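What you see is a predicted model, and the numbers here were worked out from it, not measured in a lab. In what follows, every heavy atom counts, from backbone to side chain, and hydrogens, waters and symmetry copies are set aside.
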Amino acid sequence: MEDCLFCRIAGGEMETEFLHADDEVVAFRDIHPQAPVHFLVVPVKHIVSVLDLTAADAGLLSRVFEVIREVAEKEGIAATGMRILTNVGRDAEQIVQHLHFHVLGGRRLHWPPG
């Protein structure tokens, strides 16, 4: 989708420092971090939200979580804990209409979040 911000980032059209990049998944730091470590993991394939995933996306979703683990280990938050979340729709404030997972860590994350 040519007007999608995350499609442009994943496609290399925007200068981005990737924490991870392959043919299926990219990871990069959030531009408005909410924790000492806050990065996004985004499938290259344009999928609007988790509500649009199908059985055919099972391998992709597995790869997303492999990348989350790999980057969390590199960033030093895998051992101490992290929060993984995705927003779906307007009421959850999904700003970019492309599936992405926020990974936050590096401090105690309280519950409920907000």
Side-chain angles (χ1 to χ4, degrees):
M1 180 168 251
E2 69 184 52
D3 64 336
C4 173
L5 174 64
F6 288 165
C7 285
R8 291 195 315 266
I9 290 172
E13 296 175 32
M14 299 180 70
E15 189 166 329
T16 304
E17 179 185 339
F18 290 110
L19 300 171
H20 173 90
D22 64 34
D23 292 342
E24 294 183 296
V25 180
V26 297
F28 50 91
R29 297 192 194 287
D30 192 292
I31 61 170
H32 300 293
Q34 301 299 306
V37 176
H38 184 175
F39 60 90
L40 303 178
V41 178
V42 180
V44 172
K45 175 183 176 184
H46 184 81
I47 301 169
V48 174
S49 78
V50 294
L51 298 180
D52 298 296
L53 289 166
T54 68
D57 296 312
L60 175 60
L61 194 55
S62 176
R63 183 68 187 133
V64 163
F65 281 93
E66 287 174 8
V67 170
I68 288 172
R69 179 186 46 78
E70 291 169 10
V71 176
E73 288 173 352
K74 288 180 196 171
E75 293 291 310
I77 61 171
T80 58
M82 64 191 146
R83 181 162 296 148
I84 303 165
L85 64 95
T86 186
N87 299 314
V88 179
R90 183 184 66 237
D91 284 352
E93 296 193 23
Q94 181 182 6
I95 303 205
V96 179
Q97 302 303 306
H98 185 123
L99 177 63
H100 59 285
F101 293 86
H102 294 261
V103 182
L104 300 99
R107 68 169 169 82
R108 184 168 277 316
L109 300 167
H110 301 283
W111 196 261

* **Gap separating the CZ atom of Arg108 from the OG1 atom of Thr80, nearest 0.5 angstrom** => 10.0 Å
* **same_hphob_cluster(Val96, Val88) at 4.5 Å side-chain heavy-atom cutoff** => no
* To do: Spell out, yes or no, whether Val67 and Phe101 are grouped together once hydrophobic residues are joined by side-chain heavy atoms under 4.5 Å, including indirect joins.
  => yes
* Asked: Can you tell me how far CD1 of Ile77 sits from CD1 of Ile68, rounded to the nearest 0.5 angstrom?
  -> 10.0 Å
* To do: Please report the shortest heavy-atom distance between Pro36 and Gly106, naming the atom on each side.
  => CG-O, 3.5 Å
* **Distance (rounded to the nearest 0.5 Å) between Ile95 CD1 and His100 NE2** => 8.0 Å
* Asked: Looking at side-chain heavy atoms only, is the closest gap between Val42 and His98 below 4.5 Å?
  -> yes
* Apply the side-chain contact (heavy atoms from CB on, under 4.5 Å) test between His102 and each candidate in Leu85, Thr86, Ile84, Val41; give the one that qualifies. => Leu85
* To do: Using a 4.5 Å cut-off on heavy atoms from C-beta on, say whether the side chain of Glu24 contacts that of Val44.
  => no
* Asked: Between Lys45 and Asp57, does a side chain to side chain contact (heavy atoms under 4.5 Å, CB included) hold up when you go through it step by step?
  -> CA-CA 10 Å; Lys45 175 183 176 184; Asp57 296 312; 2.6 Å; yes
* Asked: Less than 4.5 Å apart, any side-chain heavy atom of Val50 and any of Leu53?
  -> yes
* Any side-chain heavy atom of Met82 sitting closer than 4.5 Å to one from Phe39? -> no
* Asked: Should Val26 and Leu99 be regarded as members of a common hydrophobic cluster, given that ILVMFWY residues are connected when their side-chain heavy atoms come within less than 4.5 Å of each other, either directly or indirectly?
  -> no
* Do Phe28 and Val71 touch side chain to side chain, with heavy atoms closer than 4.5 Å? -> no
* Asked: Among the clusters formed by ILVMFWY side chains lying less than 4.5 Å apart, do Val25 and Phe6 turn up in the same one?
  -> no
* Going by an N to O cut-off under 4.0 Å, is there a salt bridge joining Glu70 and Lys74? -> no
* Asked: Charged N to carboxylate O below 4.0 Å: is that the case for Arg63 and Glu66?
  -> yes
* Atom CD of Gln97 and atom CG of Leu5: how far apart are they, to the nearest 0.5 Å? -> 11.5 Å
